[in-house]
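Data block below; observations after.
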Amino acid sequence: MEKEPIAKSYEPKEVEAKWYQYWEENDLFKPTAASEKSPYCIVIPPPNVTGTLHMGHALNNTLQDILCRYKKMAGCNVLWQPGTDHAGIATQNVVERDLAAQGTDRHAVGREQFIERVWEWRKKYGGLIINQLRRLGCSCDWSRERFTMDEGLSRAVKEVFVRLYEEGLIYRGDYIINWCPRCHTALADLEVEHHDQESYLYHIRYRLEDGTGHLIVATTRPETLLGDTAVAVNPKDERYAHLKGANVLLPVLNKPIPIIFDRYVDMAFGTGALKITPAHDPNDFEIGNQHNLERIKVIDDDGIMNELAGPYQGLDRFACREQILKDLETAGLLEKVEPYQNAVGHCYRCKTMIEPILSKQWFVKTAPLAKKAGDAVRDGKTRIYPNNWEAVYFDWMDNIRDWCISRQIWWGHRIPAWYCDACGEITVAKTTPSKCAHCDSENIRQETDVLDTWFSSALWPFSTLGWPDKTPELATFYPTAALVTGFDILFFWVARMMMMGIHFMGDIPFKDVYIHALVRDAEGKKMSKSKGNVIDPLVVMDEHGTDAFRFTLAALAAQGRDIKLSEERILGYRHFVNKLWNAARFVFMNLDDTATAPAQRPPATLADRWILTRIGEVSDQVAGAINDYQFNEAAGLCYQFVWHEFCDWYLEMAKQAFYGDDQELKDAAQHTVLAALGASLKLLHPFMPFVTEEIWQRLPGTEGSIMSAAFPDSSGFPKDEKALTDMTLLMGIIAGIRNIRGEMNLPPSKNVRVVIDTGNTKETTCIQKNSEQVKTLAKVEDLTIGSGLKKPVASATAVFGDTSIHVILKGLLDFGEEKKRIRKSILKIEKDLKASEKKLSNPGFLDKAPEDIVADVRAKAETLTAKRDKLAHNLAVLENIDE
RNA sequence: AGGCGGGUAGCUCAGUGGGAGAGCAUCGGCCUUACAAGCCGGGGGUCACGGGUUCAAAUCCCGUUCCGCCUACCA
């Protein structure tokens, strides 16, 4: 296809955009409509529309793309379902910031106008991250792109809400939430930052109602005592056992409240007595529920004390604290103040101190859903890789709390519930009702809260495939094959998709969950803008090319460990991309000037037979590793094979055929080298889509995209055991000679004469047949091969197996140095030998170790002994000469 | 506080029961007509420490220690 001459080094920029466009134009990212092939589907973890591509996305999507591209080549009907998330609070914040810059705010603009502005913003910037995913090479079917606020997905959200409500699995109730008095919204636990803070622990005297004494309570928040409805102590605490049924008087307000007994109270902390404020503390709320305590809200939504705070009404919560402390002091009720460090929640956005406040919220009753979601993993229907995350998953599912799904913001799915002002009942419906379902009053108004962002993303695996309609995609691709995500959203997203998928589809949403690591900087720190240690994937792709970047991520993606990304590592793999490029260049230079592939030829040389056998083996290993989500393993296998077997050995050996006159050998080599290069490209394609496509399209005899080619496997290649053993011998011989050359600092220009004393005639034949290779690759000008050959006088010796290799160094050999070299070698062998002999002389080992292991050790000991003896013999020869 | 992960070559990390590996760095030799972003060769590790299980431990168990992360409601 491509005819222009191939450049000396690979230039990613020139080819990446070209091929991405080609793939899209040729519909290569789309699944086939009706297909015999087995379906394979991944739904993308939808990035926030506000987002730009960061390292986490890059890793996440690279791994998904590797899976999708591999599966397609392996013969599956693949759908990678893409889309974005409306990201309620994050997006609302971005647009609010815009408004602030224009000197206005959302309240001034009004709800409808505001939402319109968000849509406008989305239209303008929402495609940013999608295009960055394209840069990364993601093979998503973009014709199916979805957005959580789309019409279709919104319909799914309403459907789910209404059905859960009708089933009694959604309810409205009082709950303690994290309230930001400045932003005026509830915050998810995730959105609360905890900072250690220097504060004080105040010991306050609560007098007993009957006047017989007092009890001391320790607190960091004295102002909340206005809402106290009990004091709790541990039932085992003997100090307070006599106070059963007694009341204390709330300081300042002088109101009697009960002393209750609850195991939650830590006897060792403070005085062992805990004030209970159910309306302003999450724990107290729980305890209050168990003891049926009244909940008194004394702080309003602005953080100001309300009418129930009595004399403190109108004071800011912090001012109130000061005032109350003064009053307690005056009344002689402040026993002690000690410095204390505690973690206090702050709004992640404006850093205002969070106020836990009691309010009415919507909830999903999760227990029944969680039970099934837990069982699905317990039963192995869904498998989590690596499986240590299963424990974390179970722990959460087994201790799950009801899920608060309402948010007091504007951007999101507005809850489809209407309150009736006439009868006070709630109407929940998929479409906007005209009147109350209970009393027919038309005086109804819709809930102003919107749903938690995770509510719509919980439906993602089926809503994107068309649910609640019965679509062919849903029938084909649900349950999806795999979900690839980071552990940080295991609870928020994965767990909820499991619950919703099982409930509404009657089946798990995905068979496998692959949890990958976090990408950190070279020091292991989390990348963040404030630390300034962010590596921008887009910059990396610009500098080193997408393929090198992707390969780096895959090569570092070992399970269960974070990735420390370093520039050097990327550079190393960039070299690998270039190596592949140059290997291809070499191949092209040595093909006859023809556009078509050379005629089919059987492999003619040992090298030909060997490389084909190796491709078969490696292909199976790579496929196995990808199927097991061992991305680093798969990448490593490819790297090792392509560089150190295909390039270092096969291409070097093929030169003999290419540069020689034997047309038959040449034809066979051309055929083999094309097969080997083609297979290498296919193995690498899932990791490096661009460079492999670029080379593939230039290869003679290929048709269409490499994406449509079949992934290699061993059934398509010979299994030539003899080629493997012969090649091992040959490589050992050559390495032996090279080793001596290296140690003696012999430049390649200095050819040497070599005598090879083999162990048997088989070896003699093998080496003789390939003597030209030995001569070329080890720079030998004269090679003598035979069994029982004598060591030449001025020669250095290496031993491989039964074979002695003597390199003649007339006038160059330092006898002393050579003897030293051999002695060192013998010492090393004897150390190994000793270990083997120790095992073999251990009755326990011979008794209990498996036979094959014992046989291995025996064989090893024999080999080592033979080698040692040979070296010793050669050493003796040298010593005789010396004398 | 609890949970999780980790400590292996100078650096970054693979390696889950049978003689320790890779990349980078380093040292020596090479512009050998695909590639100096390259080729050939070398050196370098008490696998954190201490115990245990086993014929056999980097690998499994217990303890110690250091580092990192996540969760948390000690007022």
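A, B, ... follow the sequence lines: proteins, then strands. Residue 1 opens every chain.
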Are the side chains of Phe687(A) and Tyr639(A) in touch, meaning some heavy atoms are under 4.5 Å apart? no
Judged by modelled atom types alone, do Tyr175(A) and Asp402(A) share a side-chain donor-acceptor pair under 3.5 Å? no
Between Phe269(A) and Tyr340(A), what is the ring plane arrangement, given parallel below 30°, perpendicular above 60°, and tilted in between? perpendicular
Main-chain N/O of Ala557(A) paired with His516(A) side-chain donor or acceptor, under 3.5 Å: no
P-based separation of rC39(B) from rA22(B) [nearest Å]: 15 Å
For the residue pair Thr224(A) / Lys275(A), report whether a side-chain donor-acceptor contact shorter than 3.5 Å exists. yes
Tell me, for nucleotides 39-48 of chain B in 5' to 3' order, what letter each nucleotide earns: B for a base near a protein heavy atom under 4.0 Å, S for only sugar-phosphate near one, - for neither? SSSS------
Rounded distance in Å between the C1' positions of rC47(B) and rA20(B): 8 Å
Pick the P atom in rU16(B) and in rG6(B), then give their distance to the nearest Å. 12 Å
Is the Lys NZ or Arg CZ of Lys579(A) less than 6.0 Å from the centre of Phe646(A)'s six-membered ring, within 45° of the axis? no
Indicate, with a heavy-atom threshold strictly under 4.0 Å, whether Lys838(A) touches base, sugar-phosphate, or nothing. nothing
With a 4.5 Å cut-off on side-chain heavy atoms, are Val673(A) and Asn590(A) touching? no
Nearest-Å distance, CG (Asn387(A)) to P (rG5(B))? 11 Å
Please give, in whole Å, the distance from rU12(B) C1' to Tyr573(A) OH? 10 Å
In whole angstrom, what separates Leu553(A)'s CG from rC13(B)'s P? 15 Å
With a 4.5 Å cut-off on side-chain heavy atoms, are Lys236(A) and Arg263(A) touching? no
Identify each atom pair where a protein N or O and an N or O of nucleotides 14-18 of chain B are less than 3.5 Å apart, giving names and distance.
residue	atom	partner	partner atom	Å
rA14(B)	OP1	Arg561(A)	NE	3.1
rA14(B)	OP2	Arg561(A)	NE	3.0
rA14(B)	OP2	Arg561(A)	NH1	2.2
rA14(B)	OP2	Arg561(A)	NH2	3.4

Would you call the rings of Tyr629(A) and Tyr514(A) parallel, tilted or perpendicular, where under 30° means parallel and over 60° means perpendicular? parallel
Between rA56(B) (P) and Leu846(A) (CG): distance, integer Å: 13 Å
Would you classify Thr220(A) as touching base, sugar-phosphate or nothing, given that sugar-phosphate means primed atoms plus P, OP1 and OP2, and contacts are heavy atoms under 4.0 Å? sugar-phosphate
Quick one: His575(A) NE2 to rA34(B) C1', roughly how many Å, whole number? 16 Å
Expressed in whole Å, how much space separates the C1' atoms belonging to rC74(B) and rG68(B)? 25 Å
Rounded to whole Å, please give me the gap between CG in Asn751(A) and C1' in rC30(B). 14 Å
Nearest-nucleotide wise, let me know which of Glu837(A) and Val587(A) is further upstream toward the 5' end of RNA chain B. Glu837(A)
I'd like the C1' distance from rA36(B) over to rU46(B), given in whole Å. 39 Å
Check: Arg239(A)/Asn234(A) side-chain N/O donor and acceptor closer than 3.5 Å: no
When the C1' atoms of rA57(B) and rA1(B) are compared, how many Å lie between them, rounded to an integer? 34 Å
Think Tyr659(A) has a side-chain N or O under 4.0 angstrom from the OP1 or OP2 of rA34(B)? yes
Would you indicate which nucleotide in rA37(B), rC4(B), rA34(B) comes nearest to any side-chain atom of Arg574(A)? rA37(B)
NA contact type, Pro748(A), heavy-atom cut-off 4.0 Å: base, sugar-phosphate, or nothing? base
Under 4.0 Å from OP1 or OP2 of rG38(B): is there any side-chain N or O of Lys8(A) that close? no
Of Phe491(A), Trp396(A), Phe487(A), which meets ring pair (Phe, Tyr, Trp, His ring centres under 6.0 Å) against Trp389(A)? Phe487(A)
Spacing of Glu568(A) atom CD relative to rC13(B) atom P, expressed in whole Å: 12 Å
Among rC30(B), rA34(B), rA75(B), the one nearest any side-chain atom of Val265(A) is rA75(B)
Side-chain (Arg741(A)) to main-chain (Ala778(A)) donor-acceptor, under 3.5 angstrom: yes
Between rG63(B) and rG45(B), how many Å separate the two P atoms, rounded to a whole number? 32 Å
Would you say Lys820(A) and Asp814(A) make side-chain contact, with heavy atoms under 4.5 Å? no
Nearest nucleotide by nearest heavy atom, which residue falls closer to the 5' end of RNA chain B, Leu833(A) or Asn388(A)? Asn388(A)
Under 4.0 Å between any heavy atoms, over every strand shown, what does Asp832(A) touch: base, sugar-phosphate, or nothing? Just pick one. base
Looking at every strand, decide which applies to Asp266(A) at a 4.0 Å heavy-atom threshold: base, sugar-phosphate, or nothing. base
Quick check for you: to the nearest 0.5 Å, what is the distance between Ile695(A) atom CD1 and Leu681(A) atom CG? 5.0 Å
The nucleotide from rA34(B), rC30(B), rA75(B) with an atom nearest the side chain of Asn582(A) is rA34(B)
Paired and unpaired positions of RNA chain B as dot-bracket, Watson-Crick or G-U wobble under 3.5 Å, | denoting a partner strand: ((((((((.[[[[.)..(..]]]].(((((.......))))).....[[[[[..)....]]]]])))))))....
Atom C1', compared across rG28(B) and rG44(B): separation rounded to whole Å: 15 Å
Whole angstroms only, please: what is the CD-P distance between Glu851(A) and rC55(B)? 18 Å
